[in-house]
Amino acid sequence: MAETARLVAERLHRLAPVDALLAVGPPWWLGIAARIRAAALDPDPPRWLVCPEADPVARDGRDDAHILADLDALARAEADWIGRPGALLADVRTARDLTAWLESLSHAARHRRRCADARRVSVGVVLVHHDRPRWLGAALDSLRAQTRPPDQVVVVDAASSCPRARAALDALAAREDAFPMRVLWRAESSLGAARGVGVDALDMDWVLFMDDDNIAPPGAVEDFARAAATESADIWTCWAALFAGEAPPSGGSGADGWYRPLGPVPGLLARGNNLGDANMLVRRAAFRALGGFDPDPTVGAEDWDFLVRAWLAGVRQGVIPRPLVWKRLSPDSMSRTMDHDRARTRVVGRLRAGGLPV
């Protein structure tokens, strides 16, 4: 189901600009495209005229029924007009002029895009490092190449012991860079705690978290900032392109895999992290209100835990369905070395404490 919605979104992205899009079919087909509209990433969004039709595939009792309901709700929320084809024809006949009738409709997506373009938000990056100076350099180079540079970067070293890592950080702290940058050292290796220290060192509206083994595509900060400027969510996650080796494939294609979260879909929160990766943009005030990431370094999946806690607290979340991070597949990454059962147990405990039947 999500794959069908993704393919529909890709097809719409390739269409020439139009004033209106008439969609006849199950609304959930438009669910991923609706997320793109919600993040104001479509530069010239058309009005959506949605004529719902029954789903050709019966899905009662299937596991993906939760996803269908979520995508359906997203598409309906983004529609500028929704109804049966007969009602559409009647409305047009009454107006006697299709153009005039279209102009009479609301156009929330275009208004959202214009507001996002006019509003500037401050974005700081918290980049956590541990004993990987070569990869840290590549991550910082990707931030220097952004179409919209971050307003500030804080590099937090989480107990590196490698002399080369310490020397690289000393040199980094002494240089002038394309953006204001601070380097902080911690004696503890907790990833969650290091991120919290980085947030405390920033004076920004929004914080983008990044790990030292990841790469930001050139438009990542710009797209995150535009989504933040819509004021429609307090946390923005994104899709990720996966790669192995020293550098991502040139040209932005040829990923070794994909991570395509759908966000907090009720009914699926405890089955796995389908909410988003730690490479997320968070309103600083919301991060502090939630108490940040769990500082326990022995569990892992602190991104899953943080996003579940945010959902339980009613914090608004959005997913940008585009790969705004190249995520390196490294054998010593936390996602490969952590105890997955223990991480899930923590999330299940949060949900049960919140009154959900898990």
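Because only heavy atoms are used, hydrogens play no part in the values below, and waters and symmetry mates are left out as well, while side chains stay in. One-based numbering along the sequence shown.
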Strictly distance-based, threshold 3.5 Å: is any side-chain N or O of Asp177 a donor or acceptor partner for the main-chain N or O of Pro180?
no

Could you state the interatomic distance from CG (Asn214) to CH2 (Trp326), rounded to the nearest 0.5 Å?
12.0 Å

Taking the side chain as every heavy atom from C-beta outward, state whether Met280 and Gln317 have any atom pair closer than 4.5 Å.
no

Carefully, step by step, assess Arg110 and Asp44 under the rule salt bridge (charged side-chain N to carboxylate O under 4.0 Å, His left out).
CA-CA 7 Å; Arg110 182 168 296 175; Asp44 191 17; 3.2 Å; yes

Taking 4.0 angstrom as the limit, do Asp294 and Arg309 come out as a salt bridge?
no

Electrostatic pair Arg283-Glu231, nearest N-O below 4.0 angstrom
yes

Strictly distance-based, threshold 3.5 Å: is any side-chain N or O of Ser190 a donor or acceptor partner for the main-chain N or O of Pro295?
yes

Less than 4.5 Å apart, side chain to side chain, heavy atoms only: is that true for Glu53 and Arg84?
yes

Are Thr237 and Leu275 side-chain neighbours, meaning at least one heavy-atom pair lies under 4.5 Å?
no

Nearest 0.5 Å please: distance from the CH2 atom of Trp206 over to the CD1 atom of Ile235.
8.5 Å

Check each of His130, His129, Arg186 against Asp157 using the side-chain hydrogen bond (donor to acceptor under 3.5 Å, both in side chains) test, and report the only one that passes.
His129

Taking atom CZ of Arg144 as the centre, report whether more than 12 heavy atoms of other residues, nucleotides or ligands fall under 6.0 Å from it.
yes

Does any N or O in the side chain of Trp239 come within less than 3.5 Å of the main-chain N or O of Pro261, such that one atom is a donor and the other an acceptor?
yes

Give the ring-plane orientation class for Trp101 versus Trp81, where under 30° counts as parallel, over 60° as perpendicular and anything between as tilted.
perpendicular

Electrostatic pair Asp341:Arg344 at N-O distance under 4.0 angstrom:
no

If Ile, Leu, Val, Met, Phe, Trp and Tyr residues are connected whenever their side-chain heavy atoms lie under 4.5 Å apart, and connections chain through other members, are Trp28 and Ile67 in the same group?
yes

Between the side chain of Arg76 and the main-chain N/O of Pro27, is any donor-acceptor distance below 3.5 Å?
no

Indicate yes or no: at least one non-hydrogen side-chain atom of Ile36 is less than 4.5 angstrom from one of His13.
no

Check Arg120 with Asp151, please: is the shortest side-chain N to carboxylate O separation under 4.0 Å?
yes

Taking only Lys NZ, Arg NE, NH1 and NH2, and the carboxylate oxygens of Asp or Glu, determine whether Arg148 and Asp223 approach each other closer than 4.0 Å.
no

If the threshold is 4.0 Å, N to carboxylate O, is there a salt bridge linking Asp70 and Arg35?
yes

Begin with the C-alpha distance, continue with both residues' side-chain angles, and end with the deciding distance and a verdict on salt bridge (charged side-chain N to carboxylate O under 4.0 Å, His left out) for Asp117 and Arg113.
CA-CA 6 Å; Asp117 285 342; Arg113 171 74 188 207; 3.1 Å; yes

Are the side chains of Glu78 and Leu30 in contact, using a 4.5 Å heavy-atom criterion?
no

State, yes or no, whether a side-chain contact exists between Leu191 and Phe293 at a heavy-atom distance under 4.5 Å.
no

Quick one: do Asp203 and Arg284 make a salt bridge, cutoff under 4.0 Å?
no

Quick check: is Val282 connected to Val315 through a chain of hydrophobic side chains (ILVMFWY, heavy atoms under 4.5 Å apart)?
yes

Side chains of Ser106 and Asp80 in contact at under 4.5 Å (non-hydrogen atoms)
yes

Suppose we screen for side-chain hydrogen bond (donor to acceptor under 3.5 Å, both in side chains). Which residues come up paired with Glu10, at least two apart in sequence or across chains?
Arg6

Does anything in residues 13-29 form a salt bridge (Lys or Arg N to Asp or Glu O under 4.0 Å)? List the pairs, not counting sequence neighbours.
none

With heavy-atom distances below 4.5 Å as the criterion, would you say the side chains of Asp131 and Ser161 are in contact?
yes

Pick one: which of Arg132, Arg328, Lys327 meets salt bridge (Lys or Arg N to Asp or Glu O under 4.0 Å) with Asp213?
Arg132

Nearest heavy-atom pair of Ala220 and Leu324: which atoms, and what distance?
CB-O, 3.4 Å

Is it true that Phe209 and Phe287 have ring centroids separated by less than 6.0 Å?
yes

I'd like to know if the side chain of His66 and the backbone of Pro266 have a donor-acceptor N/O pair within less than 3.5 Å.
yes

Ser142 side chain vs Ala216 backbone, donor-acceptor pair below 3.5 Å:
yes

Say whether Leu22 and Leu105 are linked into one hydrophobic cluster, either directly or through other cluster members, by side-chain heavy-atom distances under 4.5 angstrom.
yes

Are Arg195 and Asp211 ion-paired here, with the side-chain N under 4.0 Å from a carboxylate O?
yes

Ignoring hydrogens and geometry, is there a side-chain-to-backbone donor-acceptor pair from Gln146 to Pro217 under 3.5 Å?
yes

